[in-house]
Every structure is written in C-alpha cells, then in structure tokens.
Amino acid sequence: MLRSEMRIFILLFALVPGLAAHEMASLSARRQLLAAVSQRQSRAARNSVEKALSTVVAEAKPFFFTPANADDGVWRLLWSTQTADVNPFALPSSVLGGVCAQLISSRDGSVQNIVRWGRDGKKNVELVGSARVRSEKFGRRVRRFVTITGLDVLHDGVRAVTLFAVRKIVDGQQNSDTGYLEDLYNDGSLRISQADNGLMYIYKRELVSVWTRGADTPEPRRALGTWAQSGL
C-alpha cells in the first residue's frame with residue numbers, strides 16, 4: 001500500500017510541475033527570501049536577497065514550468081536589482097518614493113507597470129507605462145516579449161498627461177520588441193522574474209481591487225475588468 005501511494009505521489013509531481021514548484025521551494029527558503037526583501041536597501045541586504053533568491057530558484061528548478069497565463073493578475077514589486085541598494089532610507093519595494101505594481105493580461109496581450117504615490121484609490125498620482133506582450137515557449141518556461149506603447153500620468157485614476165505614445169504600425173504589428181521577461185519561480189503568490197538584460201524582480205500577488213479603486217476610466221487599464229471577473 002505504501003509503495004502504491006509513493007507511486008501516486010511521484011506521478012503527481014511529474015504531471016503537475018507547477019504545483020511541484022511551490023512544494024519543492026521549501027518554506028524556510030521562501031521565508032528567508034521574504035525576510036530579506038523587507039530590509040532597507042544596502043549592499044548587505046542585497047547580498048542576502050540574492051542568496052535567498054538563488055536558493056528558492058534552485059530548489060524549484062527541476063520541477064518548475066510556466067503555464068501561459070500563470071502571470072495574469074496584479075503583482076506588487078517587492079524587490080528589484082535597480083532598487084536593491086541605491087537608497088539606504090527606503091525599502092527595495094520603493095520606486096521613486098512610490099509603490100510599484102505590474103498588471104498582466106495574457107488574454108489581451110497587455111502589461112502595465114504602475115508607480116503610485118499617495119493613498120490607494122484616494123488623491124493619488126500614478127505613472128503608468130503600457131506595453132504589448134507576446135509569449136513564446138522556451139523549454140518548460142515562457143518568455144514574454146514586451147513592446148512599449150506609451151507612458152501616462154494619472155491623477156485619481158484619470159489620465160492627466162500622456163508623456164508619449166507609440167503609434168507606428170508595421171505589417172499589423174507595433175514597433176519591434178524592446179526586451180523579454182522570464183519567470184524563474186511562480187507559486188501563485190510569489191514570483192521571481194528575470195529580464196533579458198539580467199535584471200531580477202521579485203513580486204507578490206496583489207488584490208485587483210487595490211489597483212482599480214477610484215479609476216474612473218478604462219484606459220490605460222482596460223484589461224482589469226477581465227481580472228476582476230475571474231476573481232483574482
């Protein structure tokens with residue numbers, strides 16, 4: 001009986017590698033990483049994060065794969081290579097003194113990177129970078145190639161200023177890809193991604209409502225309604 005149960009256990013890991021990624025990255029490694037990213041920016045803190053990050057990725061790597069829609073939803077930035085040790089008075093989640101989130105919809109092929117200053121949904125200012133994204137499989141992982149399409153400033157969810165917008169269309173496609181992002185780890189609530197230039201990002205899944213409250217127009221976050229309906 002025990003042997004039969006072990007076979008079922010092994011088979012589950014073989015058939016559901018996405019689940020295995022969550023199980024195989026030990027809770028202790030995950031806790032160490034979350035503790036490390038909560039420290040203020042410094043060279044020592046950066047070293048702690050990079051060590052813990054490497055452990056999480058290494059433990060999950062033999063079992064990890066990326067479903068095409070695994071990243072769909074709202075992800076708040078916890079740490080990045082660029083914000084690891086540049087401001088000793090700030091947490092690594094701080095971008096220009098604001099909080100940052102990434103909003104992804106594989107259905108619409110869109111990504112928005114948002115930096116928000118002020119209280120959530122009340123008297124806030126947001127810098128919103130919009131992009132189109134297309135996905136390609138590379139082994140067990142998915143690379144998401146990004147094409148930047150615009151940059152807007154919003155006040156209380158309403159567009160105040162468009163800093164730039166890409167309008168060029170070639171053969172039915174917008175301008176060429178500007179880079180790609182690949183997940184190294186994603187257990188549904190914690191995500192580690194690497195850009196083609198080697199920069200690393202750590203995200204935590206966020207409630208959609210936190211980033212839609214007070215938004216009076218569907219632009220430039222038209223895909224959020226899809227996520228809200230899905231209950232993410």
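Contact annotation: the side chain of Leu154 never approaches that of Leu127 to less than 4.5 Å [non-hydrogen atoms, C-beta and beyond]. For the pair Glu59/Ser28, no side-chain contact is recorded, criterion being any heavy-atom separation below 4.5 Å from C-beta on. Side-chain contact between Ser42 and Asp85 is absent, with no heavy atoms from C-beta onward closer than 4.5 Å. Contact check for Leu181 versus Val111: no side-chain heavy atoms found under the 4.5 Å cut-off. Residues Leu78 and Tyr203 are not in side-chain contact: their nearest non-hydrogen atoms beyond the backbone lie 4.5 Å or more apart.
For the pair Ser54 (side chain) and Glu50 (backbone), a donor-acceptor distance under 3.5 Å is present. Looking at Arg205, its side chain does come within 3.5 Å of a backbone N or O of Gly188 through a donor-acceptor pair. One N or O on the side chain of Ser48 and one on the backbone of Ala44 form a donor-acceptor pair closer than 3.5 Å.
Of all the heavy atoms in Val86 and Gln41, the pair that sits closest is N-OE1, 3.0 Å. When every heavy atom of Ile148 is checked against every heavy atom of Ala131, the shortest pair comes out as CA-CB, 4.0 Å. The two residues Gln112 and Ser130 have their closest heavy-atom pair at CG-OG, 4.0 Å. For Thr55 against Ala29, the heavy-atom pair with the smallest separation is CG2-CB, 3.9 Å. Smallest separation of non-hydrogen atoms from Cys100 and Val95: CB-CG2, 3.7 Å.
Listed by chain and number, the residues in a salt bridge (Lys or Arg N to Asp or Glu O under 4.0 Å) with Glu182 are Arg141, Arg143 (sequence neighbours excluded). Arg191 meets the salt bridge (Lys or Arg N to Asp or Glu O under 4.0 Å) test with Asp71, Asp183; sequence neighbours excluded.
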Practice prompt. Run the numbers on Arg132 and Asp108 for salt bridge (Lys or Arg N to Asp or Glu O under 4.0 Å), then give the verdict.
Written response: CA-CA 9 Å; Arg132 305 299 298 173; Asp108 293 344; over 6 Å; no

Item to complete: Check the pair Ser106, Asp72 against side-chain hydrogen bond (donor to acceptor under 3.5 Å, both in side chains), reporting the backbone distance first and the verdict last.
Response: CA-CA 6 Å; Ser106 59; Asp72 278 16; 2.9 Å; yes

Worksheet item: Can you check salt bridge (Lys or Arg N to Asp or Glu O under 4.0 Å) on Glu206 and Lys204, steps first, answer last?
Response: CA-CA 6 Å; Glu206 188 86 306; Lys204 183 179 180 182; over 6 Å; no

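The CH2 atom of Trp75 sits 8.0 Å away from atom OG of Ser193, with the distance rounded to the nearest 0.5 Å. Once rounded to the nearest 0.5 Å, the distance linking CZ of Arg144 with OG of Ser135 reads 4.5 Å. Taken from CG in Asn87 to CZ in Arg40, the straight-line distance is 9.0 Å, to the nearest 0.5 Å. Between atom CG of residue Leu77 and atom CD1 of residue Ile114 there is a gap of 12.5 Å, rounded to the nearest 0.5 Å. To the nearest 0.5 Å, the span separating CD on Glu136 from CZ on Phe145 amounts to 5.0 Å. Between atom CD of residue Glu126 and atom NE2 of residue His155 there is a gap of 10.5 Å, rounded to the nearest 0.5 Å.
Connection of Leu151 to Trp117 is established within a shared hydrophobic cluster, with ILVMFWY side chains joined at heavy-atom distances below 4.5 Å, either directly or through further cluster members. Hydrophobic cluster membership differs between Leu33 and Leu91, with clusters built from Ile, Leu, Val, Met, Phe, Trp and Tyr side chains linked at under 4.5 angstrom. The same ILVMFWY cluster, assembled from side-chain heavy atoms under 4.5 Å apart, contains both Val153 and Val115.
Side-chain contact check for Gln102 and Asn113: at least one donor-acceptor pair (N or O, by modelled atom type) lies under 3.5 Å.
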Show which side-chain atoms of residues 194-202 pair as donor or acceptor with protein atoms under 3.5 Å away, not counting sequence neighbours.
| unit_1 | atom_1 | unit_2 | atom_2 | d |
| --- | --- | --- | --- | --- |
| Asp196 | OD1 | Tyr180 | N | 3.1 |
| Asn197 | OD1 | Leu199 | N | 3.2 |
| Tyr201 | OH | Gln82 | NE2 | 3.1 |

